[in-house]
Amino acid sequence: MIFSSLLFLYAFLPVFLGFYYAIPRRMRNSAALLGSLFFYAWGEPVFAVWLIGSSLADFLISLWLARLPREATVRRRSVLIVGLAINLSALLYCKYGNFIAAQINDLLVWRTGGHFIWEKIALPIGISFFTFHKISYLVDIYRGTSQPTRNVFDYLLYICLFPQLVAGPIVRYHDIERQLHEREPTLNDFLEGTWRFLLGLGRKVLIANPLGLVADRIFEQPGSTLPLPLAWIGILSYTFQIYFDFAGYSDMAIGLARMLGFKFLENFNCPYTARNVTDFWHRWHISLSGFMRDYLYIPLGGNRVGPWRNKFNLWITFLASGIWHGASWNFIFWGAYHGTLLSAEKAIGPQRMGRIPVWVSWPCTFMLILVGWVFFRAGDLAQAITYLGRLTAWETWNYSPREPGLLWPDIISHRATFALAFAALTSFIPDFLWRRFGWDAALPAKNSHGAWRVGLGATFLLLASAALANQSYNPFIYFRF
């Protein structure tokens, strides 16, 4: 079940919310947990059993870790390593087993001409996100940042809360620990969450989906003959699709949590207005960047080491981020690419970077990000390299379609053209303008703003419902991560 589905919008969500607010306040955590488990188990119940079992194991490890005195450094570290090993080995097996087996088979074919039979592993939805939740919980207890809960149902609710269960944002336990028991949802909270959810729904269904269709059609074409105009339309469509898809999901997750009385931290902040790649990663998938910084970059030494080691730590952190995103050489290269760019910017220094005029730094940053998205979207490295070449195939700039499969209306419809133009316009609006007009405020500052939100929210719901009723294309990009 996904948020942008008619089943969720008109069956699960109204029934769940009605039940959630009808029962006494003291029972709402139980209702949220049961609803979350039902939400996750809808597609594949066996994965829900696995999620509960692995979470119970982590809960017991956290209690074991908390019982050890702070002076028992070796024993506490050993328990933490056990917990991390269990979680990371499960993630490695489920997410990377197929990739590793394929690489070994390729090597065997090359060396011996033979291969072994491997039954492909089904990937549990959201495994990367809830694994990171469990890892952050154990590490924070080890560090003393958080105290472990003694209530197993509270822990299960933290891990399984359905707004953030399958695609984030990554929520730290200490950020919502008090909210598990002391939240007091108000009508304003519910209205704020509803607006945020409908905003995300519109971004996902009305913008990301039509752009995704365009990107898929173009990336499916033979790369060696792809004309320059279509190559640019394809990567621009994907660049805005992945932003509106994932930011739209984050909006829906934050909105749903707000409707339940939880406050999640922001996950996106106008990333395509960034003036350098470092700034981009302060704005894009903020919860992942924070996780990688606190649980990998800083333990490796962070800024406390020499300049070369510091840049290497940064590179390793983003290489790991690429590996986390997917089991293919594309994602490994994408992570190394961003790590190299960030290390180069660190070597140049923030003062020198800040002296670059914005009319130079902003478009250059956007182009660097766009090149990275080619590797993120392409099926393999060979396709990515070929596609990059087509972006500079100037001899095909005046392309005129001859084959029916490459006619402009078949590739990009009027609706998708509008979505692409609207996405570009809104993505490049500086964040200070959003603040100036109050569109990023939790609650409208004026009655007119409130009326606009009601009208736009109702419009988003109606248009998204009509689109969902007439289309089958409705993936969430980050579900596969």
Side-chain angles (χ1 to χ4, degrees), residues 1-45 48 125-126 153 156-157 160-169 171 176 179-180 183-209 245 248-264 442-444 450-472 474-476 479:
M1 194 185 308
I2 61 176
F3 297 160
S4 59
S5 67
L6 296 177
L7 175 66
F8 180 85
L9 293 172
Y10 294 103
F12 176 83
L13 186 58
V15 171
F16 171 77
L17 289 176
F19 180 71
Y20 181 82
Y21 278 102
I23 62 177
R25 194 182 301 272
R26 67 179 183 279
M27 299 175 62
R28 287 179 182 171
N29 278 1
S30 299
L33 177 58
L34 291 175
S36 298
L37 292 175
F38 178 83
F39 171 85
Y40 189 76
W42 179 262
E44 188 57 68
I125 293 176
F153 297 106
L156 287 175
L157 179 59
C160 302
L161 188 62
F162 76 88
Q164 49 80 40
L165 174 58
V166 294
V171 179
I176 65 167
Q179 299 177 44
L180 290 172
R183 65 186 184 277
E184 296 287 342
T186 64
L187 179 59
N188 280 342
D189 291 333
F190 190 87
L191 293 176
E192 174 194 339
T194 302
W195 159 248
R196 191 66 181 271
F197 175 83
L198 294 176
L199 177 63
L201 181 68
R203 297 174 86 177
K204 160 60 183 167
V205 177
L206 303 179
I207 304 297
N209 281 3
D245 186 280
Y249 182 94
S250 293
D251 283 337
M252 286 188 274
I254 292 170
L256 287 168
R258 201 79 180 101
M259 293 161 74
L260 303 181
F262 292 93
K263 294 181 180 179
F264 289 173
L443 293 172
W452 270 103
R453 289 192 180 188
V454 171
L456 286 175
T459 301
F460 292 156
L461 179 60
L462 290 174
L463 292 178
S465 298
L468 292 171
N470 290 284
Q471 68 183 27
S472 58
N474 190 33
F476 266 117
F479 271 18

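Positions are given from 1 along the sequence.
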If you apply the rule side-chain contact (heavy atoms from CB on, under 4.5 Å), what do you find for Leu161 with Val171, and how did you get there?
CA-CA 10 Å; Leu161 188 62; Val171 179; over 6 Å; no

Which residue pairs pass the side-chain hydrogen bond (donor to acceptor under 3.5 Å, both in side chains) test with at least one member in residues 254-264, sequence neighbours excluded?
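Residue pairs with at least one partner in residues 254-264: Asp189-Arg258, Glu192-Arg258.
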
Minimum heavy-atom distance between [X] and [Y], given as atom pair plus value:
X      : Y      : result
Leu461 : Ser465 : O-OG, 2.7 Å
Pro185 : Arg28  : CG-NH1, 4.0 Å
Gln179 : Arg183 : O-NH1, 3.0 Å
Ala32  : Ser36  : O-OG, 2.7 Å

Arg203: salt bridge (charged side-chain N to carboxylate O under 4.0 Å, His left out) partners, not counting sequence neighbours
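Applying salt bridge (charged side-chain N to carboxylate O under 4.0 Å, His left out) to Arg203 gives Asp251.
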
Any donor and acceptor pair, going by atom type alone, linking the side chain of [X] with main-chain N or O of [Y] inside 3.5 Å?
X      : Y      : answer
Ser4   : Val205 : no
Tyr249 : Lys204 : no
Asn29  : Phe153 : no

What I'd like to find out is whether the side chain of [X] reaches to under 4.5 Å of the side chain of [Y], using heavy atoms alone.
X      : Y      : result
Leu180 : Phe262 : yes
Phe8   : Ile2   : no
Cys160 : Leu33  : yes
Phe3   : Leu13  : no
Pro163 : Phe264 : yes

How many angstroms lie between atom [atom1] of [X] and atom [atom2] of [Y], to the nearest 0.5 angstrom?
X      : Y      : atom1 : atom2 : value
Arg453 : Leu191 : CZ    : CG    : 10.5 Å
Tyr20  : Arg25  : OH    : CZ    : 8.5 Å
Leu34  : Met27  : CG    : CE    : 9.5 Å
Leu157 : Ile176 : CG    : CD1   : 7.0 Å
Leu17  : Leu256 : CG    : CG    : 7.5 Å
Leu198 : Leu463 : CG    : CG    : 11.5 Å

For Phe197 and Phe190, I'd like to know if the aromatic rings sit close, meaning centre-to-centre distance below 6.0 Å.
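They do not qualify: ring centres at least 6.0 Å apart.
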
For this output row, return yes or no: ring centroids of Phe16 and Phe162 closer than 6.0 angstrom.
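Ring-ring flag for Phe16/Phe162: true, centres closer than 6.0 Å.
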
Between Leu201 and Phe460, is the side-chain contact (heavy atoms from CB on, under 4.5 Å) condition met? List the steps.
CA-CA 7 Å; Leu201 181 68; Phe460 292 156; 5.8 Å; no

Can Leu156 and Leu37 be said to form a side-chain contact (heavy atoms from CB on, under 4.5 Å), step by step?
CA-CA 10 Å; Leu156 287 175; Leu37 292 175; 6.0 Å; no

Other residues, nucleotides and ligands only: do more than 12 of their heavy atoms fall within 6.0 Å of CZ on Phe19?
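No.
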
